Amino acid sequence: LITMTGANMTGTNGGTVISSITLGGTAVLEIVFQNKSYVIFRPGRAAEAVNQTVIITAQDGTITTKADAFDKLVDGIITNIFPRAALPGVQVRIEGTNLLGHATTQSIFSVAGVVLNHSDPTLAFLATDSL
């Protein structure tokens, strides 16, 4: 999910709803929450691209555009998880490509477990009760 902040996000002519959001020409999949100050949405799938334009269209017809506002990163691909099931305290390995993207391990695995080792193409962490 992506959170975008600003002012008059739902329009300037008394609008209360955002009708659409596009990132580099790709429509978002879902607007999860919105108000005049911020919007939370699920982006659509698109090829990697940098400096994409964001366009927010409000129900009242207000169009807000911000150039060079969004970078779409390459999607990560998981190729293997070992073991497929684990009790708490067991080390789990995830293999693939672009697993970390530009994020930190804390933002990816704050719920999944304590990260032991991370380097594309492998992440290793301890399974916890919350898995």
Side-chain angles (χ1 to χ4, degrees):
L1 295 177
I2 295 174
T3 301
M4 193 171 295
T5 61
N8 299 317
M9 305 277 288
T10 57
T12 57
N13 300 317
T16 58
V17 176
I18 295 172
S19 343
S20 68
I21 302 171
T22 61
L23 305 172
T26 301
V28 302
L29 294 178
E30 175 187 13
I31 298 173
V32 177
F33 178 84
Q34 58 182 296
N35 66 25
K36 288 195 170 292
S37 302
Y38 71 97
V39 60
I40 301 171
F41 58 89
R42 186 177 319 281
R45 297 189 70 84
E48 181 177 23
V50 296
N51 301 325
Q52 296 296 292
T53 298
V54 175
I55 300 173
I56 299 173
T57 304
Q59 188 179 37
D60 70 0
T62 303
I63 298 174
T64 305
T65 303
K66 173 101 174 138
D68 302 332
F70 186 78
D71 292 342
K72 168 61 177 98
L73 306 177
V74 173
D75 291 332
I77 298 170
I78 295 173
T79 57
N80 190 30
I81 300 174
F82 181 80
R84 294 222 177 251
L87 296 171
V90 172
Q91 182 172 324
V92 177
R93 249 176 77 134
I94 299 175
E95 297 175 337
T97 57
N98 299 313
L99 296 177
L100 297 177
H102 292 277
T104 65
T105 54
Q106 285 78 17
S107 65
I108 295 172
F109 289 104
S110 60
V111 175
V114 177
V115 174
L116 300 175
N117 184 0
H118 62 87
S119 63
D120 226 354
T122 302
L123 294 169
F125 61 95
L126 292 178
T128 66
D129 290 332
S130 63
L131 284 174

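For this chain, numbers begin at 1 and follow the sequence in order. It should be emphasised that the depicted structure is a prediction, and the values quoted were computed from it without experimental measurement.
Judged by distance alone, the side chain of Q34 and the main-chain N or O of I18 form a donor-acceptor pair under 3.5 Å. Proximity of a side-chain donor or acceptor of T10 to a complementary backbone N or O of G15 within less than 3.5 Å is detected.
Contact check for T53 versus T65: side-chain heavy atoms found under the 4.5 Å cut-off. No side-chain heavy atom of V28 sits less than 4.5 Å from a side-chain heavy atom of T22. Taking the side chain as every heavy atom from C-beta outward, I56 and M4 approach each other to under 4.5 Å. The shortest side-chain heavy-atom distance between L1 and V32 falls under the 4.5 Å cut-off.
Side-chain N/O atoms of T12 and T62 include a donor and acceptor closer than 3.5 Å.
The line from CD1 of I2 to CZ of R42 is 10.5 Å long, rounded to the nearest 0.5 Å. Annotation: the span from N51 atom CG to F70 atom CZ amounts to 12.0 Å, rounded to 0.5 Å. Atom CD of Q59 is separated from atom OG of S20 by 11.0 Å, given to the nearest 0.5 angstrom. Rounding to the nearest 0.5 angstrom, the gap separating the OH atom in Y38 from the CE atom in M9 is 10.5 Å. Here CG of L29 is found 11.5 Å from CD1 of I21. Values are rounded to the nearest 0.5 Å.
Both L23 and I31 belong to a single network of hydrophobic side chains, linked directly or stepwise wherever heavy atoms of I, L, V, M, F, W or Y lie under 4.5 Å apart.
Here the closest non-hydrogen pair linking A58 and S19 is C-OG, 3.2 Å.
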